[in-house]
Amino acid sequence: MGLIHIDLFTTLDGVAQAPGGPDEDPENGFAFGGWQAPLFDEVVGEQVVSGMAGMDALLLGRRTYDIFAGYWPHADGGIARLFNRIPKYVASRRTPTLDWADSTLLGPDVVAAVRELRDRHANIHVIGSLDFVQTLFAERLFDRLTLWVYPILLGSGKKVFTDGVVPTNLRLIEPVVATPKGAVLQRYALADGTPGAGDMSAAGHER
C-alpha cells in the first residue's frame with residue numbers, strides 16, 4: 001500500500017494560508033500572501049527537493065491545482081519535469097476544467113477515491129491544498145506529515161489544524177532541520193493509537 005504525504009508551510013502560530021504569493025488565496029481579506037518568500041533560503045530549497053524523492057503522484061485541492069497548472073507546465077527544472085510527468089488527482093466539489101496533462105478529477109466520494117489511490121501509487125504527495133487537507137486530517141487519511149515552520153506570527157488566516165482534526169499520534173522520523181533564516185523542518189509519520197494522558201506529579205515531576 002502506498003503512502004500519502006502531506007507537505008505544508010506554516011507560520012509559528014499555525015497559519016498556512018497563501019505562503020507562495022499575494023494572489024494565491026486572498027480569501028477573507030488575507031493580507032500576507034507570499035509570507036514565505038522572504039524566509040526562503042538554499043537549505044529550504046534543498047530539503048524541499050529531497051522530500052520529493054520517490055513521488056509518483058500529486059493529490060491537490062482545486063485552488064492549489066489551478067495555481068500549479070498555471071505555472072508548472074511552463075516552467076523548467078527538475079521539479080517542473082517531475083510534476084509534469086506524474087499523474088495529478090484533484091479533489092473538488094465542482095467540475096473544473098483540468099487542462100494540465102494527466103490530470104483526473106476524483107469522484108464525489110473523495111475519501112474512498114483517496115484510499116483507492118494508495119493501491120495505485122507508492123508515494124502520493126499533497127502540497128498546500130489546505131481546505132482539502134482538513135478532510136485528510138479528520139479521516140486520519142495520511143501516512144506522512146512534513147511541516148515547514150517559519151519564525152513569524154501573522155495572527156489571522158487559515159490554520160494547519162482546525163476543529164475537524166481528530167486526536168492523533170505522530171512520530172518524528174527524521175532529525176529536525178533548521179535553516180539559516182530560522183525555518184524548522186519537521187517530518188512525522190502517522191502512529192498507532194490516540195494521545196494518552198497522565199499525572200505529571202505521579203511521575204516524580206512535582207514542582
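Minimum interatomic distance between P19 and E24 (heavy atoms only, all atoms of both residues): CD-OE2, 3.3 Å. For the residue pair A113 and G107, the shortest heavy atom distance occurs at CB-N, 4.4 Å. Here the shortest heavy-atom pairing between L117 and L106 reads CD1-CD2, 4.2 Å. Looking at every heavy atom in both residues, R140 comes nearest to T168 through NH1-CG2, 3.3 Å. The two atoms that bring L58 and M55 nearest to each other are CD2-SD, 4.1 Å, heavy atoms only. Contact record, M52 with L82: CB-CD2, 4.1 Å, taken as the closest heavy-atom pair.
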Legend entry - Test log, rule side chain to side chain contact (heavy atoms under 4.5 Å, CB included), inputs V111 and D109: CA-CA 6 Å; V111 171; D109 189 342; 4.0 Å; yes

Inset, instruction - Mind running side chain to side chain contact (heavy atoms under 4.5 Å, CB included) on L185 and V176 for me, showing each step along the way? - result: CA-CA 6 Å; L185 168 62; V176 172; 6.0 Å; no

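By the neighbour-count criterion of 12 heavy atoms within 6.0 Å, atom OH of Y71 is sparsely surrounded, having that number or fewer from other residues, nucleotides or ligands. Within 6.0 Å of atom CG in D119, more than 12 heavy atoms from other residues, nucleotides or ligands are found, so the atom counts as buried in its surroundings.
With hydrogens and angles disregarded, no donor-acceptor distance shorter than 3.5 Å links the side chain of W35 to the backbone of L154. With hydrogens and angles disregarded, no donor-acceptor distance shorter than 3.5 Å links the side chain of S129 to the backbone of L60. Remark: side-chain polar atoms of K88 are paired, donor with acceptor, to backbone N or O of I86 under 3.5 angstrom. A donor-acceptor pair under 3.5 Å links the side-chain atoms of D41 to the main chain of V43, judged by distance alone. Without hydrogens or angle criteria, Y65 side chain to W100 main chain gives a donor-acceptor distance under 3.5 Å. Distance alone, capped at 3.5 Å, is enough to place a donor-acceptor pair between the Q17 side chain and the E27 backbone. Side chain of D7 to main chain of I127: no donor-acceptor pair is present (N/O by atom type, distance under 3.5 Å, no hydrogens or angles). T11 places a side-chain N or O within 3.5 Å of a backbone atom of V15 that can act as its donor or acceptor partner. In this structure, K181 contributes its side chain and P38 its backbone to a donor-acceptor pair below 3.5 Å. A distance-only check finds a donor-acceptor pair linking the side chain of N169 to the backbone of T194 [under 3.5 Å].
In summary, of the residues considered (D131, D25, D23), a salt bridge (Lys or Arg N to Asp or Glu O under 4.0 Å) with R63 occurs for D25 alone.
Ion pairing of D143 with R118 is present here, as a side-chain N (NZ or NE/NH1/NH2) and a carboxylate O approach within less than 4.0 Å.
Rounding to the nearest 0.5 Å places NE2 of H5 at 10.0 Å from CZ of R187. The structure places NE2 of H121 at 14.5 Å from CE of M1, a figure rounded to the nearest 0.5 Å. Remark: L145 CG to L147 CG distance equals 4.0 Å, nearest 0.5 Å. Between the CZ atom of F142 and the CG atom of L3 there is a distance of 12.0 Å, given to the nearest 0.5 Å. Remark: L141 CG to I4 CD1 distance equals 4.5 Å, nearest 0.5 Å. Distance check: I67 CD1 to W72 CH2 gives 12.5 Å after rounding to the nearest 0.5 Å.
In this structure, Y150 and T10 have side chains that are not in contact, with every pair of non-hydrogen atoms separated by 4.5 Å or more. Side chains of R81 and D76 form no contact here, defined as non-hydrogen atoms less than 4.5 Å apart. Contact annotation: the side chain of Y89 never approaches that of I124 to less than 4.5 Å [non-hydrogen atoms, C-beta and beyond].
T97 and D99 share no side-chain donor-acceptor pair at under 3.5 Å.
Take F40 and apply the ring-ring contact (aromatic ring centres under 6.0 Å, His included) test, not counting sequence neighbours, and it matches no residue.
H125 has its ring centre no less than 6.0 Å from the ring centre of F83.
Linking Ile, Leu, Val, Met, Phe, Trp and Tyr whenever their side-chain heavy atoms come within less than 4.5 Å leaves L136 and V90 in two separate clusters. Linking ILVMFWY side-chain heavy atoms closer than 4.5 Å, directly or via other members, places V44 and L12 in two distinct hydrophobic clusters. Grouping the Ile, Leu, Val, Met, Phe, Trp and Tyr side chains by contacts below 4.5 angstrom, directly or via other members, places L190 with V160. One hydrophobic cluster, built from ILVMFWY side chains closer than 4.5 Å, cannot hold both V114 and L105; they sit in different ones. By the rule that hydrophobic residues join a cluster once side-chain heavy atoms approach within less than 4.5 Å of another member, V177 and V48 end up as members of one cluster.
Taking the six-membered ring where tryptophan is involved, the planes of W148 and F9 are essentially parallel, since the angle between them stays under 30° and well short of 60°.
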